[in-house]
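This report refers to the structure that appears directly beneath it.
Chain naming here is simple, since letters A, B, ... match the order of the sequence lines and numbering starts at 1 in each.
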Amino acid sequence: MTQQTYRGLRAVAIRRLPDHVDQEVLVQGWLHNKRSKGKLHFLQIRDGTGLVQAVVAKGKIDEAVFEAAGELTQESAVRVIGKCVADERAPSGVEIQPSFLECVSKSEEFPITKKEHGTAFLMEHRHLWLRSRKQAATMRIRNEAIHAIRDFFYQRDFYCMDSPMFTPNACEGTSTLFQVKYFEDQAFLTQSGQLYGEASAMALGKIYVFGPTFRAEKSKTRRHLTEFWMVEPECAYYDLDDVMALAEDFVANIVTRVLERCRPELDVLERDVSKLEPSTSTPYPRVSYAEAEKILEGDETFVSGDDFGAPHETKIGERFDRPVMIHRYPAAIKAFYMKHDPENSDLALCVDMIAPEGYGEMIGGSQREDDYETLIGRVREHELSEADFRWYLDLRRFGSVPHGGFGLGLERTVAWLTGAEHLRECIPFPRMLYKIYP
RNA sequence: UCCCCGAUAGCUCAAUGGUAGAGCAUUCGGCUGUUAACCGAAGGGUUGUAGGUUCAAGUCCUACUCGGGGAGCCA
């Protein structure tokens, strides 16, 4: 048995139809929309790979089939066999002239119609919203970005070394974590795989962690999710300059790949690709925290020495046509594991990459503290549990080397690539503050 | 946690304190090249909940509930 062949024909993906012009094809999908004009029905059929129209003409097909086509409702499942022909009048350049049409399953009245809907309504119907053109296009771009990420690391001899989702303690001790019951004990959902990534890098040299991360912060903005995907490369024998070089190569590679392979999707999303093109080439601009501060001169909302807020990042990001890397923040506002600048111990050897067009912080990274005594001092200063960090401190006892890495937020990257208004459109089923349905 | 905005037909929205309306969706009719097709007709409402002001409240006031955006935090 197979569903992939029917009446002697193998199903063709709609995206591949231009390769099958003047052939008899089988298309299996759903009715996206129908435009009926008397003795002519235009059926817009989608199958997840694309959209094609089938033209059902009275007199050229069984009367019963013509009638049935007229009764198809939006999102009914349909199977069509017919000749694939090129026609200028067809939206996709090709169309199908059916000789056979079967309604596999008639759809009830579909909640998402051709007119506009509010986001609250659409999110409530996320499971159905994913069928719409723009949402599907966004998901295909997300897919391409994921493959670009894995290929980038594979080609450079990085090993995928995923970190656990369950952790016994907070990684950084800063953000709020989700608590879960772990048999008789308490555990947390990971907020970063980095510390485990460091252990993996000491084992395999260059590694990356790629998985979901969880933040219980009560953030309620278009730039936040409580569950999101993060890629975290970590490399032995890397300093801050190496980390920044890797970060810009990495992002430029993703942008280039998406521009090469996702033009139809970017068109559907009406993304202005000229805004992305500069980001395909490196180097990316690098400014120190001190230099970034000067850009904000005169901004009364900014306090020197503090971290940049979202509006400040936007303001700095707008100065450049591609992502900008801000490095060497005051160590006081950064995590305990970051190495301090030997030239100014008040600064951390860290970098944030800010996306253009106000998409915010895409990457956060640093060179890590590799000296045992210094690190244990920091653990104490931050009042973290030495016992919990025993294994992490061990990494500095057994052949410690300079190392570093960064974390890239997948959804923020996809949001920037697609020009999405909300991060929640960049993941199939977003988890947000108080929102866990569907 | 704090600040701002909103809630009217299945959906998106309109309605000077005075008879609650349109487009889409649905149903019926028309149309052989539609591009969110179009044209004609029909059904569809306890205006988020509870109070209050008023001769009269969708509209003004109070509280609550739910939703949206932003701040902080970060990817």
Side-chain angles (χ1 to χ4, degrees), chain A residues 32-44 51-60 66 70-71 73-75 87-93 95 97 107-125 128-129 132-134 171-172 174-177 191-194 211-232 247 301 306-314 333-335 352-355 359-365 406-416 421-424 426-427 432-435:
Chain A
H32 182 72
N33 189 17
K34 180 184 68 185
R35 290 186 279 268
S36 293
K37 200 173 184 309
K39 293 167 185 168
L40 215 47
H41 297 305
F42 297 94
L43 309 178
Q44 311 294 328
L51 204 60
V52 71
Q53 91 176 359
V55 186
V56 183
K58 191 173 176 130
K60 289 187 178 175
F66 179 81
E71 282 168 18
T73 52
Q74 186 188 352
E75 286 305 316
D87 193 311
E88 279 182 359
R89 297 167 295 184
S92 67
E95 64 186 26
Q97 296 170 348
S107 174
E108 293 178 27
E109 186 178 335
F110 200 66
I112 299 171
T113 62
K114 289 179 279 187
K115 288 283 177 174
E116 287 169 21
H117 297 277
T119 46
F121 176 82
L122 290 168
M123 284 312 307
E124 190 74 9
H125 296 85
L128 303 177
W129 189 22
S132 66
R133 285 181 82 198
K134 289 192 176 184
C171 292
E172 304 181 19
T174 49
S175 38
T176 321
L177 307 190
Q191 53 140 221
S192 164
Q194 181 207 313
T213 48
F214 309 88
R215 304 274 167 94
E217 299 288 346
K218 296 200 170 174
S219 303
K220 208 181 158 190
T221 82
R222 70 180 89 186
R223 292 185 310 280
H224 291 87
L225 296 169
T226 55
E227 178 184 320
F228 65 95
W229 284 65
M230 186 152 69
V231 202
E232 301 176 275
T301 64
D306 281 5
D307 207 349
F308 301 122
H312 305 131
E313 288 179 347
T314 301
I333 55 168
K334 288 291 177 179
D352 282 357
M353 187 189 284
I354 310 299
Y359 282 95
E361 193 178 331
M362 196 159 44
I363 278 179
F406 61 83
L408 172 133
L410 178 66
E411 289 76 15
R412 283 192 182 172
T413 305
V414 173
W416 167 52
E421 258 185 70
H422 304 84
L423 218 53
R424 60 187 166 205
C426 299
I427 186 167
M432 292 173 293
L433 183 60
Y434 308 132
K435 287 204 129 309

Requested in this report: Take atom CG of A:L423 and atom P of B:A75, then tell me their distance rounded to the nearest Å.
Outcome: 13 Å
Report task. Look at all strands and tell whether A:G59 reaches a base, only sugar-phosphate, or nothing, counting heavy atoms closer than 4.0 Å. Result -> nothing
Query raised in the report: Does B:C74 have A:H224 stacked on its base, where the ring centres are within less than 5.5 Å and the planes differ by under 30°?
Result: yes
Requested in this report: Round to a whole Å and report the spacing from NZ of A:K114 to P of B:A36.
Outcome: 10 Å
**Report entry** Rounded P spacing from B:G48 to B:U59 in Å
**Finding:** 8 Å
Query raised in the report: Rounded to the nearest Å, what distance is computed from the NZ atom of residue A:K435 to the P atom of nucleotide B:C66?
Result: 12 Å
Query raised in the report: Expressed in angstrom and rounded to an integer, what is the separation of A:D307 atom CG from B:C73 atom P?
Result: 6 Å
Report summary line: Rounded to whole Å, the NZ-P distance (A:K39 to B:G29) equals 15 Å
Requested in this report: Could you give the distance separating B:A9 and B:C5 at their C1' atoms, to the nearest angstrom?
Outcome: 24 Å
Report task. Could you grab the distance from atom CZ of A:R223 to atom CG of A:L423, nearest 0.5 Å is fine? Result -> 9.5 Å
Report summary line: Rounded to the nearest 0.5 Å, the CH2 atom of A:W229 sits from the SG atom of A:C426 at a distance of 15.0 Å
Query raised in the report: For the side chain of A:S219 and the base of B:G72, is some donor closer than 3.5 Å to an acceptor across the two?
Result: yes
Query raised in the report: Where each residue is assigned the nucleotide of RNA chain B containing its nearest heavy atom, which of A:R89 and A:F110 is assigned the position nearer the 5′ end?
Result: A:F110
Query raised in the report: Any idea which heavy atoms bring A:T226 and A:M432 closest together, and the distance?
Result: OG1-N, 3.7 Å
Report task. Answer with yes or no whether A:E88 presents, from its side chain, a donor or acceptor under 3.5 Å of a partner atom in the base of B:G33. Result -> no
Query raised in the report: Base, sugar-phosphate, or nothing: which does A:G118 touch, judged by heavy atoms less than 4.0 Å apart?
Result: sugar-phosphate
Query raised in the report: Start at the 5' end of RNA chain B and walk down; is the nucleotide closest to A:A90 or to A:D352 reached first?
Result: A:A90
Query - Gap separating the CZ atom of A:F214 from the CG atom of A:L177, nearest 0.5 angstrom - result: 11.5 Å
Query raised in the report: Side chain of A:N33: nearest nucleotide among B:G72, B:G33, B:A36?
Result: B:A36
Report summary line: Whole-Å distance, A:R35 CZ to B:A36 C1', equals 8 Å
Query raised in the report: Taking the side chain of A:F42 as its heavy atoms from C-beta onward, which of B:A36, B:U1, B:U34 lies nearest to it?
Result: B:U34
Requested in this report: Between B:A71 and B:U12, how far apart are the C1' atoms? Round to whole Å, please.
Outcome: 30 Å
Query - Length of the NE2-P vector between A:H32 and B:A25, whole Å - result: 13 Å
**Report entry** Pairwise C1' distance, B:A57 and B:A50 [rounded to whole Å]
**Finding:** 15 Å
Report task. Scan A:G409 against the nucleic acid and name what it touches under 4.0 Å (heavy atoms): base, sugar-phosphate only, or nothing. Result -> sugar-phosphate
Query raised in the report: Could you state the interatomic distance from CD (A:E313) to CE (A:M353), rounded to the nearest 0.5 Å?
Result: 13.0 Å
Requested in this report: Could you tell me whether A:S36 contacts a base, only the sugar-phosphate backbone, or nothing, with contacts defined as non-hydrogen atoms closer than 4.0 Å?
Outcome: base
Query raised in the report: When rounded to the nearest 0.5 angstrom, what is the spacing between CZ in A:F406 and CE in A:M230?
Result: 11.5 Å
**Report entry** Pairing stems for RNA chain B [at least three consecutive pairs; Watson-Crick or G-U; under 3.5 angstrom]
**Finding:** B:1-7 with B:65-71, B:10-13 with B:21-24, B:26-30 with B:38-42, B:48-52 with B:60-64
Query raised in the report: If only side-chain N and O atoms of A:R222 are considered, is one of them under 4.0 Å from the OP1 or OP2 phosphate oxygen of B:A71?
Result: no
Query raised in the report: Does atom NZ of A:K435 have more than 12 heavy-atom neighbours from other groups under 6.0 Å away?
Result: yes
Query raised in the report: In whole angstroms, how far is the P atom of B:G70 from the CD atom of A:E217?
Result: 17 Å
Query raised in the report: Expressed in whole Å, how much space separates the P atoms belonging to B:C39 and B:C24?
Result: 7 Å
Query raised in the report: Any idea which of B:A75, B:U26, B:G70 is nearest the A:E109 side chain?
Result: B:U26
Report task. Just compare B:A71, B:G33, B:U12 and give me whichever is closest to any side-chain atom of A:R223. Result -> B:A71
Query raised in the report: When all nucleic acid strands are considered with a 4.0 Å heavy-atom cut-off, which category describes A:F121: base, sugar-phosphate, or nothing?
Result: sugar-phosphate
**Report entry** Distance-only side-chain donor-acceptor flag, A:Q44 / A:Q53, under 3.5 Å
**Finding:** yes
Report summary line: Against the side chain of A:Q53, the closest entry in B:U12, B:G33, B:A75 is B:G33
Query raised in the report: Would A:T301 and A:H312 count as having a side-chain donor-acceptor pair, cut-off 3.5 Å?
Result: yes
Query raised in the report: NA contact type, A:P111, heavy-atom cut-off 4.0 Å: base, sugar-phosphate, or nothing?
Result: nothing
Query - Sugar-phosphate only, base, or nothing, as touched by A:H125 at under 4.0 Å among non-hydrogen atoms - result: nothing
Report task. Using a 4.0 Å heavy-atom cut-off across all strands, classify A:A120 as base, sugar-phosphate, or nothing. Result -> sugar-phosphate
**Report entry** Euclidean distance for P, B:U26 against B:U16 (whole angstrom)
**Finding:** 31 Å
Requested in this report: Tell me what A:E95 touches on the nucleic acid: a base, only sugar-phosphate, or nothing, going by heavy atoms under 4.0 Å.
Outcome: base
Query - Which residues share a side-chain contact (heavy atoms from CB on, under 4.5 Å) with A:K58, sequence neighbours left out - result: A:K39, A:E63, A:F66, A:E67
Report task. Encode nucleotides 2-9 of chain B as B, S and - characters from 5' to 3', where the letter depends on protein heavy atoms closer than 4.0 Å: B to the base, S only to sugar-phosphate, - to neither. Result -> --------
Report task. Using distance alone, with no hydrogens and no angle criterion, decide if A:E232 and A:S192 have a side-chain donor and acceptor under 3.5 Å apart. Result -> yes
Requested in this report: With P as the reference atom in both, quote the distance from B:A36 to B:C73 in angstrom, rounded to an integer.
Outcome: 45 Å
Report summary line: The reported gap from CZ in A:R412 to CZ in A:F228 (rounded to nearest 0.5 angstrom) is 7.5 Å
Query raised in the report: Heavy atoms under 4.0 Å, any strand shown: does A:L410 hit a base, just sugar-phosphate, or nothing?
Result: nothing
Report task. Give a yes/no answer on whether the side chain of A:R424 brings an N or O atom under 4.0 Å of OP1 or OP2 in B:G69. Result -> yes
Requested in this report: Side-chain contact test, heavy atoms from C-beta onward, threshold under 4.5 Å: evaluate it for A:T119 versus A:F121 and give yes or no.
Outcome: no
Query raised in the report: Using atom P of each nucleotide, how far apart are B:G40 and B:G23 to the nearest Å?
Result: 9 Å
